[in-house]
Amino acid sequence: MITKNGIAVSPGIAVGDALVIGTEDFRIPQRFIPRRIVDQELERLHQALENVSAEILENERLANEAIGLQYGAIFAAHLQMAQDPKLISEVELLIRDRCYSPEFASSRTLRKYARQFQALGNAYFAERAADIYDLEKRILRHLLGEQRESLAELTQPVIVVAHNLTPSETAGLKKDVVLGFVTEVGGRTSHTAILAAALEIPAIVGIGPFIADISGGDTVVVDGTSGEFIIDPDDDTLLRINEVRQKYKSVSDRRSQMRDLVSETRDGQRIFLMGNIEFPQEAEQCEQKGADGIGLYRTEFLYLGRDTIPTEEDHYNAYREVIEGFPNQPITIRTLDLGADKIPGWIRRQYSDDSNPALGLRSIRMSLHDMDMFKTQLRAVLRASVGAQVGIMFPLVSSLLEFRQARLIVREVMEDLEELNIPFNADIALGIMVEVPATVLMAKEFAREVDFFSIGTNDLIQYTLAADRSDPQVAKWHNAADPSIIRMIAMVIEAAKNENIPVSVCGQMSSDPKCVPLLIGMGIRQISVSPHAIPEIKEVIRHLTLEKAEAMAKYVKSQELARDIESYLNRELRKLVPDNSQ
Ligand code: PEP
Ligand code: MG
């Protein structure tokens, strides 16, 4: 049994067979075989090894012909391994004695050697480990033949284990077969993480290197609430996991009783608690969890997980689904935030290969660059918003001119609709995400022109502290408790107050229970959180008094170090809601 810890990003516990996604995705369908077919299975192993050897020889011949003898020699080492009697007898033993399937036995044995090479820690041995993984893949390919399943065609429930998953790949995961997933990389606010929570798939990211420790078909446990990941759990651990599951359930039952209670502090300060969504069907879930509306609809997910451009009707239908899923409540639709990691391959190919995409042509920049795409979306939002409380929000706005251009386009689209006699919502509010430091510095000027602000702490932190939101190696810098971030939020609140416009926080900071009292104490009256966090955050708000929140904000503002602020907020949260575990 091996236990690892990573960043918990989507709550819940899943136990199941691992599907290890490498450069090639395959899964081992069964770990054990009935004893009576052992001889048959040994025969299948030998046949596969023969085919592997033939394949390696053929590759060697091709390489010799094409690029010269010295390169073809690389394959000799592969061949030697594939025919190594010691290695083969180890695999045979696992099949004969333990009734392992040939797939599982080969994977187990080869990975054991690969790990030993890796542990030797120099470049030469790391390459030998890579050779062994390569051989493992070849053997599995021959053993599994037509049985290989791709991620998109999975039929059996699995836990997906990968170095990384892009938001597009994550969007394509089927919830009924993917019980959970874990990745070596990724950060708390990465879009893959946000998406996992939207799909309600228990997930952990940023575990660090572990794939060498696992074979497809191994039993694994994913605790997406605590961040614990267990490979090959023993019986005691499985019992413990069951108890943890019960505990999570009782906390969640307690919280769900607050569904119909108003989101307000103990001394009666109303706090509007909204949901962040990526898919239209989540609007209804937010309503059921007791939210006050949708504070952020990330519409770019209409583009992810598909390979054609959504039509105006696709946009319109999605927006109507959101509005009807959560009727009579405010809904903020954000225009496309495409770019950086949130971009399907077929769009990326149209643009130059920017080496630093988070600073490249993304979000409102891309919308203003591709006017057809932008206008199509705006037409659909304006049409869908008739009779509803909808606001349009532009992402990543970094200059006043950019906002003015976007507003101008909205007006042009309104004129077009008017000419065609198509009904639309002419009073629609136009706001911006505040997520670029330049915009914070210019918040006073922005506040005179926009209808509302929504602070996007995920990007604001990454751009202020120069810490990639998806990179676990810099996760400690990507910290909402950094005094620079708190000072920036205070500047935005101040600017909004002076011009009397609403300001909310929709980055993951507002889904973090320890940060909520601070935000309220600083003057925030609307937050927008991941749907799964709605009950937990409502509980925190209902335990709080405004007086306490303001005292906390005053103390925090006097602090100089993120570390001190973070531990203070954690301590206060424990006092406020003693049993805060999910
Ligand atoms: C943010 O940056 O905080 C935000 C809410 O937007 P996204 O996570 O979609 O970039
Ligand atoms: Mg953002």
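The structure presented is a predicted model; accordingly, all values stated were derived computationally and were not measured. Ligands are counted one by one from 1 in listed order, and the atoms in each one are counted from 1 as well. Counting begins at 1 with the first residue of the sequence.
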Task: Contact atoms of ligand 1, heavy-atom distance to Arg298 under 4.0 Å - done: 4 (C), 5 (C), 6 (O), 7 (P), 8 (O), 9 (O)
Task: Non-hydrogen atom of Gln462 closer than 4.0 Å to ligand 1 - done: no
Open item on the list: So that I can tick it off, tell me whether Arg254 and Glu539 are bridged by a salt bridge, with the cut-off set at under 4.0 angstrom between side-chain N and carboxylate O.
Closed with: yes
Open item on the list: For Gln508, state whether at least one heavy atom is located under 4.0 Å from any atom of ligand 1.
Closed with: no
TODO: Quick one: which residue pairs count as a ring pair (Phe, Tyr, Trp, His ring centres under 6.0 Å) with a foot in residues 424-480, not counting sequence neighbours?
DONE: none
Open item on the list: Checking a contact table here: which protein heavy atom is nearest atom 4 (C) of ligand 1, and how many Å away?
Closed with: Met433 CE, 3.5 Å
Open item on the list: Atom CG of residue position Asp176 - does it have more than 12 heavy atoms of other residues, nucleotides or ligands inside 6.0 Å?
Closed with: yes
Task: Side chain Thr376, main chain Glu312, donor-acceptor under 3.5 Å - done: no
Task: Per-atom contacts of ligand 1 with Leu296, taking only distances under 4.0 Å to non-hydrogen atoms - done: 5 (C)
TODO: Would you mind listing every salt bridge (Lys or Arg N to Asp or Glu O under 4.0 Å) that reaches into residues 431-442, with sequence neighbours excluded?
DONE: none
Open item on the list: Between Arg525 (side chain only) and Ile520 (backbone N and O only), is there a donor and an acceptor less than 3.5 Å apart?
Closed with: yes
Task: Distance from atom 8 (O) of ligand 1 to nearest protein heavy atom, with residue and atom - done: Arg469 NH2, 2.7 Å
Task: Distance-minimising heavy-atom pair for Glu184 and Ile211 - done: OE2-N, 3.0 Å
- [ ] Find all atoms of ligand 1 within a distance of less than 4.0 Å from any non-hydrogen atom belonging to Gly507, and give their numbers and elements.
- [x] 3 (O), 5 (C)
- [ ] Measure Asp337 to ligand 1 on non-hydrogen atoms and call it side chain, backbone, both or neither using the 4.0 Å cut-off.
- [x] side chain
- [ ] Ignoring hydrogens and angles, tell me if any N or O in the side chain of Ser363 forms a donor-acceptor pair with the backbone of Leu396 under 3.5 Å.
- [x] no
Open item on the list: Give me the residue, atom name and distance of the protein heavy atom closest to atom 6 (O) of ligand 1.
Closed with: Arg334 NH1, 3.0 Å
Task: Under-2.8 Å protein N/O/S neighbours of the Mg ion (ligand 2), ordered by chain then residue number - done: Glu435 OE1, Asp459 OD2
Task: Exercise: identify the closest heavy-atom pair between Ser530 and Ser511 - done: N-OG, 3.0 Å
Side-chain donor-acceptor pairs under 3.5 Å in residues 187-199, sequence neighbours left out?
from	atom 1	to	atom 2	distance (Å)
Ser190	OG	Gly187	O	2.8
Ser190	OG	Ala193	N	3.3
His191	ND1	Asp341	OD1	3.0
His191	ND1	Asp341	OD2	3.0
His191	NE2	Lys342	NZ	3.0
His191	NE2	Arg469	NH2	3.0
Thr192	OG1	Leu165	O	2.8

